[in-house]
> 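This is the structure, below, for whatever I ask next.
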Amino acid sequence: MSITTTLQHEQAASLRGACPDGVHLPGDEGYDAARLPWNVALDQRPAAVATPRTVPEVQAVVRRAVAAGLRVAPQSTGHNAGPLVAQGLDDVVVVRTSAMTGVSIDAQRRVARVEGGALWLHATEPAGDHGLAALHGSSPDVGIAGYSLGGGIGWYARKLGLATNSLLAVELVTADGEHVRADATENADLFWALRGGGGSFGVVTALEFRLYDIATAYAGMLVWDIAQAEPALRRWVEWAAAAPDEVTTAFRILNLPPLPDIPAPLRGRSVVVVDGAVLADDQQAEAILADLRGLAPEMDTFGRVPARSLVRLHMDPEGPTPAVSDSTMLGSLPGEGIDAFLTEVGPGSSSSLLLAELRQLGGALGRDHEGGGALKRLDGAYLAFGAAIAATPEMGAQGEHDAQRLTKALSPWANGRRYLNFAENAVDPKSGYDERAWLQLKGIRSAVDPHGTFVGNHRIPRLVENQRVTD
Ligand SMILES: Cc1cc2nc3c(=O)[nH]c(=O)nc-3n(C[C@H](O)[C@H](O)[C@H](O)COP(=O)(O)OP(=O)(O)OC[C@H]3O[C@@H](n4cnc5c(N)ncnc54)[C@H](O)[C@@H]3O)c2cc1C
């Protein structure tokens, strides 16, 4: 251990007792298990990991960390730990909210209240019991906190916008150890910043958000062999640009491994999948999807399903997963862009990517959300994303290379903006916001966290002069 890390170890030792059994330091028996993020390809090595169970425990951890001269990184699952790990965590206490998963549903008011470590599955099930749906994303075990603070694109996004703009209140422990509520009337500036500004403002202990009267949706997937990638992509791009707001879909090329838990018809194959949801009656939904179905998919599961089932529609991996990825926002995808995408990941490309994905944006996502927060809309027609399984360092290096090749090939159509929830590597967080929002976010961070206590994965810097680069 170097002199610096010995010092930091001594400082971190003062956290012991802040939450019973919930503080782990390097060298402790539980440290390696506690520091593991969802993305297990990452080597997350903070000065300490604290796993509080209650708000007073979160307050005690923050107060003791500040007193010891350490910084604090809130984390609920570690789905997007890459940009955090890249900042260096020698003087950072990771506060895992994973033990705080309580959920209550107020069906009358159509409002969910969840604790700061709840996963989407914890909320979609009880909401579904009341015929209600939240603006969850494609993965059941993504944390509601990180997803919602960073934006949140789900299957209703083109109709109802980003999940962050359906937040009604956020409760958090700030740098002075106080527990505050931020909503439209109380700490309204902070509430604005939290809606899209991420985890740079405090440890979120609870969120309240709007639920929608969506008991069922017309949803499913269309599957073609990879040999059909070109006609399927050309048709989807043309269709997506003209589609009504009621439909939100994703186009993917999947290179599926021959694993037993993958359904037999898809196991070990490269396929094209278009999946998504339509918020319309069956007749309207069938009319909306007719053009895509006209391409004779070999599998078509679209039909009326309970809304609660949509959280698993995309078949995202659940549980710890080693992954590498890259993403980019596209302003458009003309014919040459389609060619570039297919050259990288289409038939014969021998790409190592598990998936190459285009999410359909536009609709409500592309319009300013009235009364919304720091991320009022997403500029772009498509969000492109390539990801690979990194079971070994060699697979990780190859996957990273191929994901970056994909985004580079698409760069002529990139609009220069980033959707930070999909940015799993260190990027300039400024690219996630328009200039005015960026300036305002920095001002609010300076006011709420004047000494730079919190470390967001995508960091909002303070406005102060001579600041350290990492705060
Ligand atoms: C398999 C998979 C599927 C996904 N699907 C979608 C999707 O459909 N739509 C979409 O928009 N995004 C999606 N994402 C991206 C996802 O929204 C981001 O990875 C998000 O940051 C995950 O939040 P988390 O809390 O689970 O992760 P974490 O890594 O725990 O959190 C990310 C950051 O959020 C902040 N944060 C988290 N918890 C707290 C807290 N309690 N208090 C304060 N700050 C906190 C911190 O800054 C933290 O570094 C997906 C990601 C994966 C890996």
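Numbers here simply count residues along the sequence, with the first being 1. Atoms within a ligand are numbered from 1 in the order they appear, just like the ligands themselves.
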> Does only the side chain of Glu424 get under 4.0 Å from ligand 1, or the backbone, or both, or neither? Count heavy atoms.
side chain
> Using 30° and 60° as the class boundaries, would you call the ring planes of Phe251 and Phe341 parallel, tilted or perpendicular?
perpendicular
> Between Ile389 and Thr321, is there a side-chain heavy-atom distance shorter than 4.5 Å?
yes
> Short N/O distance, under 3.5 Å, between Leu84 and ligand 1?
no
> Any donor-acceptor pair under 3.5 Å linking the side-chain atoms of Glu171 with those of Thr205?
no
> In terms of ring plane angle, is the pair Tyr218 and Phe302 parallel, tilted or perpendicular, where the classes change at 30° and 60°?
parallel
> Please check whether His79 reaches ligand 1 - meaning an N/O of the residue sits under 3.5 Å from an N/O of the ligand, judged on distance alone.
yes
> The criterion is side chain to side chain donor-acceptor pair (under 3.5 Å); which residues satisfy it with Thr174, sequence neighbours excluded?
Asp176
> Which of these, Gly154, Ala387, Ala118, Ser138, has its nearest heavy atom closest to atom 4 (C) of ligand 1?
Ser138
> What do we get for Thr97 next to ligand 1 when only non-hydrogen atoms under 4.0 Å count, side chain, backbone, both or neither?
side chain
> Decide whether the shortest distance between a heavy atom of Gly150 and an atom of ligand 1 is less than 4.0 Å.
no
> So for Ala163, does at least one of its heavy atoms come nearer than 4.0 angstrom to any atom of ligand 1?
no
> Before signing off on this row, confirm whether Tyr419 and ligand 1 have an N or O atom pair separated by under 3.5 Å.
yes
> Testing the 3.5 Å rule here: is there a donor-acceptor pair between the side chains of His314 and Asp275?
yes
> For Gly198, state whether at least one heavy atom is located under 4.0 Å from any atom of ligand 1.
no
> Just to be sure I read this right, does ligand 1 sit under 4.0 Å from the backbone of Leu149, its side chain, both, or neither, counting only heavy atoms?
side chain
> What part of Glu115 sits under 4.0 Å from ligand 1 if we count only heavy atoms: the side chain, the backbone, both or neither?
neither
